[in-house]
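First up is the structure itself, then whatever we jot down about it.
Throughout, protein chains are lettered first and strands after them, A, B, ... in sequence-line order, and every chain is numbered starting at 1.
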2 protein chains.
Amino acid sequence: MNSQYDADDHKLEIAYWYYKLNMTQAEIAKRLNFTRQRVNQIIGNLIDDGIVEIKINGLRENNVEMESAFEKYFKLGRVFIFDVDDAENQLDLFGQKAANAFTQLLSDNSIIGVSWGITLGAAVMKMQQRNLSNCKIVQMVGGLNSDTELAKPDEIARTLAKKLSCDYHLLYGPAVVDDPQAREVLMQDKVFAETFDLINRCDLAILGVGELSKSSTIYQQGFLSKERLEKLVAQGYVGDMAMQPFKKDGTWETENHVIGVSLETLRHIPRVAAVACGVNKAKAVLGAINTGCLDVLIIDKAIAQSISQELSLDIDELNKKSN
Amino acid sequence: MNSQYDADDHKLEIAYWYYKLNMTQAEIAKRLNFTRQRVNQIIGNLIDDGIVEIKINGLRENNVEMESAFEKYFKLGRVFIFDVDDAENQLDLFGQKAANAFTQLLSDNSIIGVSWGITLGAAVMKMQQRNLSNCKIVQMVGGLNSDTELAKPDEIARTLAKKLSCDYHLLYGPAVVDDPQAREVLMQDKVFAETFDLINRCDLAILGVGELSKSSTIYQQGFLSKERLEKLVAQGYVGDMAMQPFKKDGTWETENHVIGVSLETLRHIPRVAAVACGVNKAKAVLGAINTGCLDVLIIDKAIAQSISQELSLDIDELNKKSN
DNA sequence: CATTTTGTGTGACATATGTCATTTTACAGG
DNA sequence: CCTGTAAAATGACATATGTCACACAAAATG
């Protein structure tokens, strides 16, 4: 009844009526003697046509765009990127923000596995007190004597449980043993049966990403010998999660010194969230992403920018509505 | 569960996800552990909050804003305002655009009453050929011998009927009689019974607005004597529709020289559309609006601006979403 | 300490929107 | 005049959105 020409002619008024006067598509259709579907289609193209522009003020101060781009590029469920400019309180600041991020991931009636690390500890400590009493926290790697109280997995598990007012279950074994044979024996022992059963049934796992270098916690604290560190680095390993090392491309050989969750197991946990802060962890984070274990990534802007640069990501391009 | 503070914090990402990534409100709610309703409410305020701005390019070249403002201010169903800058072809240009406007008002199975006038004639002539064969056109004022063929009501009725491929019904009487007595007699006559029945049952009436001055068609063509014109003007009359004069405030006394539809009858026709072109008709149009007979107004920009100026209308203000 | 107030969560519901498969219509060549 | 094709209308649905009334809990008030 009406030609293409008419439609062009009417785009402006449709835009105005719909976006400014909040008329419904049906009302507009009635006015123009169009079908509702046709109006719907025209409105759907208004932005592409350049007739309507939607501007979101203050986007650049935020990292939303970069977060979304990462989610899309790496096929992650959720990415949080935080500014932590204040080098002084970096850990505190990042911890606080990561804690807020965790808040969004938690829901009642879930089994939550925790790993270890300074960053993870800082985040858990900053979490708000809540009442998720039907959750259960489970320690996913064995105990280790860290200088920093809150980096210890058992301590993290306990603290988190307190925050959520729920029960927790510890892994009563050492994180690292020297002799693979010893590990083998221990892992088979029935004491761990329930623990590993819980780990396997986790709904959510939260862990830190560690780098592999002489300045890394894992080395500094002596959980990794100089020889093993050098060997791993030589083999191309770049980081670890829950003490399990991986290479830059995300591959790994099964570890036989660590008592705790394996990367293979992590892979089957529906929601795995990793935190990392500090640009020196960029390479490790990239490797962590590549393992395919992660669903949620919580990092600071420095890491994000470093990764983005290394891969020459075009943030704007990625967010084009290609879906 | 989440404080006000959180919501503020999340507005930006909600805006981005909703407007740029086209996520649904439910998806967003899930991400943030909000209820869908809360996200809905936040999104509803995004524009007021100044976080989201919607810009429609090229609005000013159009008259949409002014049209909407008029609709709101005068409580009209629809207002069309057309640019007719080319003084040369003013009638042609305006006629063409008015014809398009009519197109939007027409639907099949309706009784359509027509009046008379140069502008109306021009518009009807420019209408596209269509197939609305279940419509019926009815002439709403008696015949008159105009110089301009297409200003005559019967000619307009016939032409429109041809355009719509439908039947038409003429009013076989004079438009104006000198003696009120004669009019009385004629109006009672059974010949007109069917005609006036049709007029009363009109779904749509289209008519022109005339001014009352020495340069007006109604006077020039001699349908109104000098004496009557001067008397009417002296009494405050400013214009006519279907030969029925009205004052600036929209009031009128019943006319007793004209054979045709009364303003009172027009008032009860669901959709009455009036056309007018040329700034000299501004005052008449304002009066026409004030009669309360009109639902649709089709005018040129000059008239619109004149009226807007006289009433000191603030277009932008009117279109604020006060509803 | 009791009591409003305010913000949120919940469940229910009416509308609005997006999408498809199918039919009509309008139009361009043959 | 016939026929293929592209644009629109139609009818039917599944989702998404806007809005209630109501219940709760935390914060503010007296």
Side-chain angles (χ1 to χ4, degrees), chain A residues 1-11 14-49 52 54 100 103-104 106-109 128-134 163-165 321-323, chain B residues 1-11 14-49 52 54 100 103-104 106-109 127-134 163-166 321-323:
Chain A
M1 182 188 290
N2 294 284
S3 66
Q4 171 65 38
Y5 170 78
D6 285 335
D8 275 354
D9 226 28
H10 289 306
K11 281 181 181 173
I14 293 180
Y16 189 72
W17 294 337
Y18 188 70
Y19 283 110
K20 295 289 183 183
L21 303 188
N22 299 312
M23 289 174 59
T24 68
Q25 302 185 353
E27 286 172 326
I28 294 172
K30 198 171 166 189
R31 281 205 156 196
L32 299 175
N33 255 325
F34 284 8
T35 56
R36 187 178 61 71
Q37 290 89 330
R38 199 172 153 204
V39 173
N40 179 256
Q41 192 253 89
I42 292 172
I43 288 176
N45 290 327
L46 247 23
I47 292 179
D48 284 342
D49 291 343
V52 170
I54 298 183
N100 289 340
T103 298
Q104 291 176 40
L106 297 173
S107 53
D108 209 357
N109 300 305
Q128 268 198 325
Q129 185 65 42
R130 294 178 64 187
N131 186 2
L132 266 57
S133 50
N134 298 314
K163 292 285 188 186
L164 305 188
S165 330
K321 63 159 185 176
S322 49
N323 306 312
Chain B
M1 181 188 289
N2 293 285
S3 66
Q4 171 66 36
Y5 171 78
D6 286 335
D8 275 354
D9 226 29
H10 289 307
K11 282 181 181 173
I14 292 181
Y16 189 72
W17 293 337
Y18 188 70
Y19 282 109
K20 295 290 183 182
L21 303 189
N22 300 312
M23 289 174 59
T24 69
Q25 302 183 352
E27 285 172 327
I28 293 172
K30 198 170 166 188
R31 280 205 156 194
L32 299 175
N33 255 325
F34 284 7
T35 55
R36 185 179 61 72
Q37 290 90 330
R38 199 173 152 199
V39 172
N40 178 256
Q41 190 254 87
I42 293 172
I43 289 176
N45 291 326
L46 247 23
I47 292 179
D48 283 342
D49 291 343
V52 170
I54 298 183
N100 289 339
T103 298
Q104 292 176 39
L106 298 173
S107 54
D108 209 356
N109 299 303
M127 288 183 67
Q128 268 197 325
Q129 186 64 43
R130 297 177 63 187
N131 186 2
L132 265 55
S133 49
N134 298 313
K163 292 285 188 185
L164 307 188
S165 331
C166 68
K321 62 157 183 177
S322 50
N323 304 311

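Between the CG atom of B/Leu46 and the P atom of D/dT17 there is a distance of 14 Å, rounded to whole Å. Atom CE of B/Met23 is separated from atom P of D/dT15 by 18 Å (rounded to the nearest Å). For A/Asn45 and D/dA7, the CG to P distance is 13 Å, given to the nearest whole Å. Atom CG of A/Leu32 is separated from atom P of D/dA9 by 11 Å (rounded to the nearest Å). Going from atom CD of B/Gln129 over to atom P of C/dT25 covers 16 Å, rounded to whole Å. The interatomic distance linking B/Arg130 (CZ) with C/dT25 (C1') rounds to 13 Å, in whole Å. D/dT19 atom C1' lies 15 Å from atom CG of A/Asn22, rounded to whole Å. Following rounding to the nearest Å, B/Asn33 (CG) and C/dT8 (C1') show an atom-to-atom distance of 13 Å.
Partners of B/Tyr19 by side-chain hydrogen bond (donor to acceptor under 3.5 Å, both in side chains), not counting sequence neighbours: none found. Not a single side-chain hydrogen bond (donor to acceptor under 3.5 Å, both in side chains) links A/Gln37 to another residue, sequence neighbours left out. The salt bridge (Lys or Arg N to Asp or Glu O under 4.0 Å) search around A/Asp108 returns none, not counting sequence neighbours. Residues that satisfy the side-chain hydrogen bond (donor to acceptor under 3.5 Å, both in side chains) test with A/Ser107, not counting sequence neighbours, are absent from this structure. For A/Ser165, the side-chain hydrogen bond (donor to acceptor under 3.5 Å, both in side chains) criterion is met by A/Gln129, not counting sequence neighbours.
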Just the atom pairs and distances: protein N or O near nucleotides 18-21 of chain C's N or O, under 3.5 Å.
unit_1 : atom_1 : unit_2  : atom_2 : d
C/dG18 : OP2    : A/Gln25 : NE2    : 2.8
C/dG18 : OP2    : A/Asn40 : ND2    : 2.2
C/dG18 : N7     : A/Arg36 : NH1    : 3.4
C/dG18 : O6     : A/Arg36 : NH2    : 2.8

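For the residue pair B/Glu27 and B/Met23, the shortest heavy atom distance occurs at OE1-CA, 3.3 Å.
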